[in-house]
Amino acid sequence: MKCPFCNASPEVLLYEDDLIRILIDSYPANRGHLLVVPKRHVQKWEELRFEEKVALLRGIELAIEKLKQTLNPDGFNVGINLGKAAGQTVLHLHIHVIPRYEGDTNFPRGGVRKAVLDVEDENLELKERWIRNRMREEEIENLRQAFTP
C-alpha cells in the first residue's frame, strides 16, 4: 500500500518544505484537523534526525498560527500516536493539530488524557461525523492562502 503521507494528494497538501508537510486530515476529529509529517518516511520518533524534529515543532507552530488566522478556534489538542498500541494506524510518523471550539464536545476536560481511557471518542465514532468535521471549500481555500508566502 502506498503511504498516504509520502504520496499526499494536492487536495490535502497545505504546506511543504525540504523537511515537512502539513496536510488536511482525511478523517478529521474536528473542523480544521491538520497533520504535520516529516517528508522522509519514518515510523518512530527516534528515527528522526535532529533537524527534522525541529522542523516538526516549527510545523506545529505554523499550523496553529494559520488555523487561528482562518478558523479562529478557542484552543488546540496536539498529539502523536507512537506505535500500534498507542493507536497509530498510518505507519508514517505524524503529529495531529486539532482545533477546538467552545461547545464542540460535551466533556472536554482531560483533553488528550482521554486517549488512554477505554471509551469511544464521541468525535470519531461515526463516518458521518468525519464528514461533518470536514472544512468547507471556502475554509480550505482561506487556509491555503494563509500558508502561501
Side-chain angles (χ1 to χ4, degrees), residues 3-17 19-39 41-45 48 52-149:
C3 174
F5 302 154
C6 290
N7 303 287
S9 70
E11 294 82 33
V12 300
L13 180 63
L14 292 174
Y15 174 85
E16 182 173 37
D17 63 26
L19 298 173
I20 66 166
R21 291 185 176 108
I22 299 177
L23 310 172
I24 298 169
D25 192 293
S26 296
Y27 303 96
N30 221 352
R31 197 173 98 257
H33 182 166
L34 302 181
L35 301 173
V36 181
V37 304
K39 282 181 80 169
H41 187 88
V42 297
Q43 182 177 341
K44 300 176 181 177
W45 183 261
L48 291 167
E52 291 170 316
K53 292 176 182 179
V54 171
L56 287 168
L57 291 173
R58 184 179 37 77
I60 294 167
E61 288 182 343
L62 184 60
I64 289 171
E65 173 190 330
K66 301 307 180 185
L67 286 163
K68 283 182 177 181
Q69 285 177 11
T70 58
L71 298 179
N72 197 30
D74 299 304
F76 292 89
N77 289 116
V78 176
I80 311 172
N81 302 323
L82 297 172
K84 184 178 177 182
Q88 185 177 9
T89 55
V90 176
L91 299 181
H92 182 137
L93 186 134
H94 52 287
I95 302 170
H96 296 265
V97 178
I98 305 170
R100 300 304 304 268
Y101 306 90
E102 291 294 330
D104 67 4
T105 184
N106 294 327
F107 306 104
R109 188 166 185 250
V112 296
R113 294 173 60 122
K114 290 176 19 177
V116 299
L117 300 176
D118 192 20
V119 177
E120 279 294 317
D121 182 335
E122 66 186 74
N123 292 314
L124 293 177
E125 65 187 23
L126 300 172
K127 182 179 178 184
E128 290 80 18
R129 292 191 185 218
W130 290 333
I131 293 167
R132 183 196 71 205
N133 288 338
R134 291 201 171 110
M135 290 182 282
R136 296 185 317 271
E137 286 301 319
E138 175 185 311
E139 292 172 320
I140 293 171
E141 185 54 35
N142 289 340
L143 195 52
R144 254 185 229 298
Q145 288 178 13
F147 275 99
T148 303

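All values derive from a computational prediction rather than experimental measurement. Quick note: numbers below take in every heavy atom, side chains included, and nothing from hydrogens, waters or symmetry partners. For this chain, numbers begin at 1 and follow the sequence in order.
The two residues Ala55 and Ile20 come nearest to each other via the heavy atoms O-CD1, 3.5 Å. Nearest approach of Ala29 to Ile98, heavy atoms of both residues: CB-CD1, 4.1 Å. Heavy-atom minimum distance, Ala63 versus Val36: CB-CG2, 4.4 Å. Counting all heavy atoms, side chain and backbone alike, Pro38 lies closest to Leu56 at N-CD2, 3.7 Å. Nearest heavy-atom pair, Ser26 versus Arg134, reported as atom, atom and distance to 0.1 Å: O-NH2, 2.6 Å. A pairwise comparison of heavy atoms in Thr70 and Ala146 identifies CG2-CB, 3.8 Å as the closest pair.
For the atom pair CD (Glu11) and CD (Glu137), the distance works out to 9.5 Å, reported to the nearest 0.5 Å. Between the CD1 atom in Ile22 and the CG atom in Leu13 there is a gap of 9.5 Å [rounded to 0.5 Å]. Trp45 CH2 to Lys53 NZ: the interatomic distance, rounded to the nearest 0.5 Å, is 6.0 Å. Between Ile80 atom CD1 and Leu35 atom CG the span is 11.5 Å, to the nearest 0.5 Å. Annotation: the span from Lys44 atom NZ to Gln88 atom CD amounts to 9.5 Å, rounded to 0.5 Å. Here the straight-line distance linking atom CG of Leu57 with atom CD of Glu52 works out to 12.0 Å at 0.5 Å rounding.
You'll find the side chain of Tyr101 reaches within 4.5 Å of the side chain of Leu71, heavy atoms only. Side-chain contact between Ile95 and Val37 is absent, with no heavy atoms from C-beta onward closer than 4.5 Å.
Here Val54 pairs with Phe50 under the side chain to side chain contact (heavy atoms under 4.5 Å, CB included) rule; sequence neighbours left out. Residues satisfying the salt bridge (charged side-chain N to carboxylate O under 4.0 Å, His left out) criterion with Glu139, sequence neighbours excluded, are Arg31, Arg136.
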Set out, in order, the CA-CA distance, both residues' side-chain angles and the distance that settles side-chain contact (heavy atoms from CB on, under 4.5 Å) for Asn142 and Met135, then state yes or no.
CA-CA 10 Å; Asn142 289 340; Met135 290 182 282; over 6 Å; no
Applying side-chain contact (heavy atoms from CB on, under 4.5 Å) to Asn133 and Tyr27, what does each step give before you reach the verdict?
CA-CA 8 Å; Asn133 288 338; Tyr27 303 96; over 6 Å; no
Go through it in stages, so that I can follow the logic: the residues are His41 and Phe5, the test is side-chain contact (heavy atoms from CB on, under 4.5 Å), and I'd like the CA-CA distance, side-chain angles, deciding distance and then a yes or no.
CA-CA 8 Å; His41 187 88; Phe5 302 154; over 6 Å; no
Applying side-chain contact (heavy atoms from CB on, under 4.5 Å), run through Arg100 and Asn77 and close with a yes or a no.
CA-CA 7 Å; Arg100 300 304 304 268; Asn77 289 116; 2.6 Å; yes
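Side-chain atoms of Lys68 never come within 3.5 Å of backbone atoms of Pro73 as a donor-acceptor pair (strictly under, hydrogens ignored).
Note: His94 and His92 fail the aromatic proximity criterion, with ring centroids not under 6.0 Å apart.
Relative ring orientation between Phe147 and Tyr15 is described as tilted, the plane-to-plane angle lying within the 30° to 60° band.
Test Leu23, Asp25, Leu62, Leu14 against Leu34 for side-chain contact (heavy atoms from CB on, under 4.5 Å) and you get one pass: Leu14.
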